[in-house]
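Values reported hereafter were calculated over all heavy atoms of this structure, with side chains retained and with hydrogens, waters and symmetry mates removed. A note on names: the letters A, B, ... follow the listed sequences, proteins ahead of strands, and every chain is numbered from 1. As the structure is a prediction and not an experimental result, all values here were calculated from the model.
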2 protein chains.
Amino acid sequence: MTKRLAAAAPATLDETDRALLAALAADARQPVSELARRVGLSAPSTAERVRRLEAQGVIERFTVQIDPRALGFTLQAIVRVKPLPGQLHLVEDVIRRIPEFVECDKVTGDDCFICRLYLHSIEQLDEILSKVTERAETSTAIVKSTPVARRLPPLG
Amino acid sequence: MTKRLAAAAPATLDETDRALLAALAADARQPVSELARRVGLSAPSTAERVRRLEAQGVIERFTVQIDPRALGFTLQAIVRVKPLPGQLHLVEDVIRRIPEFVECDKVTGDDCFICRLYLHSIEQLDEILSKVTERAETSTAIVKSTPVARRLPPLG
DNA sequence: AATGAAAGCTCTTAGAC
DNA sequence: GTCTAAGAGCTTTCATT
């Protein structure tokens, strides 16, 4: 399910916060001392701001971006999933339990779920989708390229 | 465009590498000393492995996961975009230049692009899509919940 | 590949503006 | 909310197995 409710009021970020987030997005493991240099504050103030952004919930977590191709996932697919009547919760569970589904959103409209799938081969697509097609109609698109890779939203 | 070509051969990860990646995915800023404790190695060996995973391209980058709701993006949409004849490159450029499109994949099939959009309001959806609809047909789904948030693929 | 010890940095805490 | 200063803690190097 959705991870948590929205914060009551949106956080307001100043220029320094924006610079900090951009720097952390580019390299989350850089030392506070270097972040401090980049944003033009002392190390303690910088550390304090990072903690505040975490406390406010702006920073959800620090994480690592994996390249699926380096792990042999040569194929990426985006699958729209429309559960058959009465199968919605079961379909959701099936998707959650298959680790090759690396992302799944429940959306308005005819296709209930939109999911991202990492695959080693085209045969594996068939194999994985067969676990879903007993309970849902699916519509699959293979990713050819990624004009915009996950990026920060505008921080204005 | 796509960021780079796939590595020649997929990296092979042992149990320790997998534990490291899982730990870094959960908190990319934790000290090497703590990572070392978790995976049961010394700090120097652990630091060496992290460097190797980066050099191999398995780790693309260390980054920060932002909560769009904490920034006032109360709405998230997934938009399929089908450029009109001859408008493909222009549509791609338009999408790339609008920062609210935080992700976009070019896919096989009728709908050329599948994009994720962060929005402050439903009015803003209209406003942003109007910049695309001169050159493409769009089909929009509003995200209601996220059964699977971005997660690591199987590391086997 | 991995380890331990030591040098060198980095982080945090404390106290002041 | 920010700073400097100093002690605590971390990372890295290197010799060793």
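When the local axes at the two ends of the helix from dA1(C)-dT17(D) to dC17(C)-dG1(D) are compared, using 5 base pairs at each end, they differ in direction by 30° after rounding to 10°.
With hydrophobic clusters built from ILVMFWY side chains whose heavy atoms lie under 4.5 angstrom apart, Leu119(A) does not share a cluster with Val107(B).
Contacts between residues 30-43 of chain B and DNA chain D, counted as heavy-atom distances below 4.0 Å, involve Pro31(B), Val32(B), Ser33(B), Ala43(B).
Between Glu48(A) atom CD and dT4(D) atom C1' there is a gap of 16 Å when expressed in whole angstrom units. Remark: C1' of dT12(C) and CZ of Arg49(A) are 18 Å apart, rounded to the nearest angstrom. Taking atom CZ of Arg29(A) as the reference point, atom P of dC10(D) lies 13 Å away to the nearest angstrom. Residue Asp14(A) contributes atom CG, which lies 10 Å from atom P of dG1(D) at whole-angstrom precision.
Scanning both residues, Pro147(B) and Lys106(A), for their nearest heavy atoms gives CD-N, 3.5 Å.
With DNA chain D read from its 5' end, the first of the two nearest nucleotides for Arg51(B) and Thr46(A) is the one closest to Thr46(A).
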(request) I would like to know whether Phe101(B) and Val132(B) meet side-chain contact (heavy atoms from CB on, under 4.5 Å); could you show each step before the answer? (result) CA-CA 11 Å; Phe101(B) 282 104; Val132(B) 177; 4.2 Å; yes
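Not one N or O on the side chain of Arg135(A) forms a donor-acceptor pair closer than 3.5 Å with the backbone of Leu84(A).
For the 3.5 Å distance criterion, the side chains of Ser42(B) and Ser45(B) qualify, holding a donor opposite an acceptor. Between the side chains of Gln65(A) and Arg150(A), no donor-acceptor pair of N or O atoms lies under 3.5 Å.
Salt-bridge annotation for Arg51(B) and Glu48(B): present, with a side-chain N of the basic residue lying under 4.0 Å from a carboxylate O of the acidic one.
Dashed line: the shortest gap from a side-chain N or O of Ser45(B) to OP1 or OP2 of dT3(C) is under 4.0 Å.
In this structure, Thr140(B) and Ile78(B) have side chains that are not in contact, with every pair of non-hydrogen atoms separated by 4.5 Å or more.
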